**Q** 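Below is one structure. I have some questions about it.
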Amino acid sequence: MAVGIDIPENGWYVLANTRVPVSLAPALAGGEEADGLVASDIAVADGRITGIAVRGRRPAPPRAIDLGGRIVLPAFVDCHTHLDKGHIWPRKPNPDGSFMGALDAAGADRVARWSAEDVARRMDFALRSAYAHGTKAMRTHLDSIPPQEDISWPVFTEMRARWKGRIELQAACLFGIEQARDEAWFQKLVKKVAAAGGVLGAVTYMVPDLDELLDRIFRAAIEHGLDLDFHADETDDVAAVSLRKIAEAALWNSFEGRILVGHCCSLARQPDAEVLSTLDKAARAGLSVVSLPMCNLYLQDRRRDRTTPRWRGVTLLHEMAARGIAVCVASDNTRDPFYAYGDLDMLEVYRMATRILHFDHPVADWPKTVAATPADVMRLDGTGTIAAGGPADLVLFRGRSWTELLSRPESDRIVIRDGRAIDRTLPDYSELDDLMV
Ligand SMILES: [Zn+2]
């Protein structure tokens, strides 16, 4: 048995002597030991959490399962992925690891190979991996460049229904913003996204008519009651300021929905005064930001002359968090031309984020970036926290401190969903071999 602990099949038990980050279990406030962890007991009955308390404040029943101080987290929320691109690497690698190499390779593969069956099989493979690692909600972007939107959106709605109760799946459309110049096509896409209960998304580029195109997108979102999700400034070009443009568009359109902005890499290259004024606007506009540390590290500052990269590629999450901007980290691409690696394991994302973005000393509220905050951005009530009355969707680890948790892959973690330990067998890569020839 993984981690040497048996979770009772009947779904009634007490997990005693666990450690839980207070940022993900507000009821534990005041009980913090080192680095925001609280020694606690969690009672589970019939698939739900019936109580969580600081250890010692309430008597634990004699047959409680003693976890010996091991860390327990809520099931993860991954708010930025590309399930439609995932796992095409064996048949379409990135020739040089560059951003343009990724764009060209993924585009060519989409045109040549993305039938409904191809997309569905790779998507299902990816969802099984994420589920096994402990994720319970995800948002994927879907390339929606004609004619792919007519293929991928029906696959998504079917997959969302098939995975209901295991992974809460959301989708946002993805296209270069200049495509929205074609008003007739754009309005048709908006209707398709709205009909599927999706999120309106686009990749912003510094095109001359960016303001007008953003206005068109914001007006459509207001008209159809859609949330927004942008890819912005995934470049080292200091002239890329679409994060600021999105904030301005949100303010002058008085947009009231949720806006998630991904990447914002160029912000880390811009002069301080410019950065601060952009962040003030982003905070005022109520933007949320998701950083994709693994993809940024892979694609940004990759040099044509094969010299060594000199910056990390990630955006300014500390400065954002200090201004009250909601910040998340997420997987982004997995085994495709944008990122040759990855398996939708949010513990890996958090571990890498800790190292790349310094989510430590102190750990503070950073654990929220993979659970509570993306759940809020995705409007998922009762997800991403451990609270009485909520579902018993938990991940039990071997590590008892952050240094233990983040030093090993924790491949033998226990994932509990609705109170019961799930089968964590990962799909075998060979399943997809016939799609890769
Ligand atoms: Zn992305």
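In each ligand, atom 1 is the first atom listed, and ligand 1 is the first ligand listed. Bear in mind that the values here come from a model prediction, so they are computed numbers and not experimental data. Below, all heavy atoms of this structure are taken into account, side chains as well, without hydrogens, waters or symmetry copies.
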**Q** Give a yes/no answer: is there an N/O/S atom of His80 under 2.8 Å from the Zn ion (ligand 1)?
**A** yes
**Q** Below 4.5 Å, heavy atoms only, C-beta onward: do Gln179 and Pro146 meet side chain to side chain?
**A** yes
**Q** Considering residues at least two apart in sequence or located in another chain, which fulfil the salt bridge (Lys or Arg N to Asp or Glu O under 4.0 Å) criterion with Glu212?
**A** none
**Q** Report whether any nitrogen, oxygen or sulfur of Asp332 sits less than 2.8 Å from the Zn ion (ligand 1) (N, O or S, backbone or side chain).
**A** yes
**Q** Has His231 got an N, O or S atom lying less than 2.8 Å from the Zn ion (ligand 1)?
**A** yes
**Q** Flag the pair Trp185 / Phe175 as yes when their ring centroid distance falls below 6.0 Å, and as no otherwise.
**A** yes
**Q** Suppose we only count N/O/S atoms under 2.8 Å; would His263 qualify as near the Zn ion (ligand 1)?
**A** no
**Q** With a sphere of 6.0 Å drawn around CZ of Arg420, does it hold more than 12 non-hydrogen atoms of other residues, nucleotides or ligands?
**A** yes
